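Notes follow once the structure below has been shown.
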Amino acid sequence: MYTQSMDLPQKKEQSASAPGAPENPEYQREFDARLAQGEFIEAKDWMPEAYRKTLIRQISQHAHSEIVGMLPEGNWITRAPTLKRKAILLAKVQDEGGHGLYLYSAAETLGISRDEMFEALHTGKAKYSSIFNYPTLTWADIGVIGWLVDGAAIMNQIPLCRCSYGPYARAMVRICKEESFHQRQGFDLLMTMMQGTNEQRVMVQDAVNRWWWPSLMMFGPHDSESTHSERGKQWGIKRISNDDLRQKFVDATAPQADILGVTLPDPNLKWNEKQERYEFGNIDWDEFWNVVNGNGHCNRERLAARVSAWQDGEWVREAALAHANKRAAKHPDGRVGEQAAPSMETAPMQTAPTAGST
Amino acid sequence: MMNTGNDRSKEWPLWEIFIRARNGLDHKHCGSLHAPDAKAALQSARDVFTRRQEGVSIWAVRAENICASDPDSKAEMFDPAEDKIYRHPTFYKLPKEVDNM
Ligand SMILES: [Fe+2]
Ligand SMILES: [Fe+2]
């Protein structure tokens, strides 16, 4: 899972509430009080329109990142060097697909449909993490993505397990449980390569050189540039600032690079004894915005892959639904299994028994 | 963002998924997914929610078939139980010798 804090200025959504939104001072007070006490907000609870919109934007963007994030790694599944690595990579990419599904479902509880979210992605209206617009050139990239990209994602995501919106928080708990495997398999892959030939070590270093800075960009713009930080904090959906998370990531990662035996491509990276943290160089924000705005190496390719997957799957979606509707017409009692329903206890793949009957 | 005029009748219906982690435990809600029918819902639920042996049994329920209490009537639904503290064992102060009853 890959979230990116992109507090992109979204002109239309700046106003605190949409015109005609059912704002209600009494409900608002109750809502604020619940947030202040660290309580969760659930799907059917009253919430300010701006809270709902911000969550829809953040969660759907997050879901898109998971789904688009399958592409750069999927690129290497057929070329994995061993069966073991292939099985691992398949499992990892499948996890990312699952993460996307958890998150789309969480966003849907806020009143947007799955198809509307897809449409927003496919038309370029919705963003996804810019990291996936970089190409995966060698097998070492697969290890570095696990180590750095999933590593950065984990930093970003752990605080979201405590976010104020219940369905999002629960999805994040599930996701975070699965992420640790992603980072560890990446590091394991890189360690194996570092113990290999000189050529393999050069390959790892090259991949680290290319992915380090884009990974730091995953935390989003500097706090001073972030438009929504304050409100996000108030709402309990952004508990730790972009810069603080980025610092945590550098502090955790730099010693790992030493263990691996690679150099991080930053001449200004050094341990500050007094502040007990690493200092690091300036991020190239022009590159960041360039990629966010659609001009990275792979923006067009990624989007085209998603759009064609959606279009090519249309007849399958339609056929499955037509088949289900036809069956439902034949079995108006709701049973959909192949045989006439025997007793519930012995009928796998039947509709579930009611809670009272078990 | 909402109501962009999409044709929702073309979307697969939503299913709520409940999983029994192991025998002896209740089925517990773990999320939702879209599927054209019950059979496909169970199949998808297996792939989406039990990739690491998280369950031994799955229920899939059409989301539209679940009826939920209204959060607005939370107070009248649940508050009447608030002052009935005599329903809790701790309400009764017993001599030390028998207090583990
Ligand atoms: Fe993920
Ligand atoms: Fe991941």
Side-chain angles (χ1 to χ4, degrees), chain A residues 13 27 42-46 52-53 56-57 60 91 94-95 97-98 101-102 104-106 108-120 125-126 167 170-171 174 177-178 181 314 317-325 327-328 334-338 348-355 358, chain B residues 1-20 23 25-52 54 56-75:
Chain A
E13 290 178 22
Y27 283 179
E42 292 294 346
K44 297 280 186 292
D45 294 346
W46 183 89
R52 181 192 303 277
K53 280 193 167 161
I56 287 179
R57 184 167 54 84
S60 63
Q94 192 188 14
D95 274 358
L101 294 181
Y102 308 154
Y104 282 130
S105 293
E108 280 173 76
T109 63
L110 292 159
I112 187 169
S113 78
R114 185 78 56 106
D115 283 11
E116 284 170 311
M117 286 186 270
F118 285 155
E119 192 187 275
K125 196 175 142 203
R170 289 192 288 275
R174 197 168 264 287
K177 268 189 205 157
E178 298 179 351
F181 142 61
E314 188 174 12
R317 294 191 302 277
E318 270 176 17
L321 197 57
H323 177 72
N325 288 341
R327 250 169 200 273
R335 294 261 171 268
V336 292
E338 256 73 37
M349 306 303 267
Q350 299 287 329
T351 39
T354 58
T358 49
Chain B
M1 221 160 174
M2 272 164 255
N3 306 322
T4 54
N6 268 2
D7 181 7
R8 283 203 173 187
S9 68
K10 281 170 74 179
E11 287 187 34
W12 287 353
L14 187 68
W15 299 77
E16 298 300 331
I17 306 300
F18 300 79
I19 290 185
R20 186 201 296 286
N23 279 6
L25 298 179
D26 293 321
H27 283 78
K28 197 178 151 213
H29 184 246
C30 68
S32 44
L33 50 79
H34 290 270
D37 58 33
K39 197 172 167 180
L42 288 175
Q43 203 97 52
S44 295
R46 187 201 69 154
D47 293 341
V48 176
F49 296 110
T50 65
R51 290 193 301 280
R52 292 176 177 82
E54 289 94 337
V56 295
S57 163
I58 303 174
W59 288 354
V61 184
R62 279 284 289 265
E64 63 183 24
N65 289 341
I66 289 182
C67 81
S69 63
D70 178 3
D72 264 352
S73 50
K74 204 165 77 191

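Scope of the values below: all heavy atoms of this structure, side chains included, with no hydrogens, waters or symmetry mates. Bear in mind the structure is a predicted one, so any value in this text is a computation, not a measurement.
For chain B, the nearby part of R174(A) is the side chain; its heavy atoms alone come within less than 4.5 Å. Neither the backbone nor the side chain of D26(B) comes within less than 4.5 Å of any heavy atom in chain A. Proximity to chain A involves both the backbone and the side chain of F49(B), based on heavy atoms less than 4.5 angstrom apart. Proximity to chain B is limited to the side chain of F181(A), based on heavy atoms less than 4.5 angstrom apart. Contact annotation for D95(A): both backbone and side-chain heavy atoms come within less than 4.5 Å of a heavy atom of chain B. For R52(B), the part lying under 4.5 angstrom from a heavy atom of chain A is the side chain only. For a residue to count as touching a neighbouring chain, one of its non-hydrogen atoms must lie under 4.5 Å from one of that chain's; by this rule E314(A) touches chain B with the side chain only.
For R46(B), the salt bridge (Lys or Arg N to Asp or Glu O under 4.0 Å) test picks out no residue, with sequence neighbours left out. Under the rule for a salt bridge (Lys or Arg N to Asp or Glu O under 4.0 Å), E54(B) has no partner lying at least two apart in sequence or in another chain.
Taking chain B as the reference chain and counting heavy-atom pairs below 4.5 Å, the highest number among G98(A), A320(A), A322(A), A106(A) is found for A320(A). The residue among R317(A), K44(A), E318(A) with the most heavy atom pairs within less than 4.5 Å of chain B is R317(A).
Considering all non-hydrogen atoms of both residues, D45(A) and P71(B) come closest at OD1-CB, 3.4 Å. Minimum heavy-atom separation, R114(A) to E11(B): N-OE1, 3.9 Å. Closest non-hydrogen pair, D37(B) versus H323(A), comes out as OD2-CD2, 4.4 Å.
The distance from the CZ atom of R327(A) to the NZ atom of K39(B) is 7.0 Å, given to the nearest 0.5 Å. Once rounded to the nearest 0.5 Å, the distance linking NE2 of H34(B) with OG of S113(A) reads 8.0 Å.
Listed for the S32(B) side chain is no donor-acceptor partner under 3.5 Å among the backbone atoms of S105(A).
Using a 4.5 Å heavy-atom cutoff, the side chains of Y102(A) and V48(B) are in contact.
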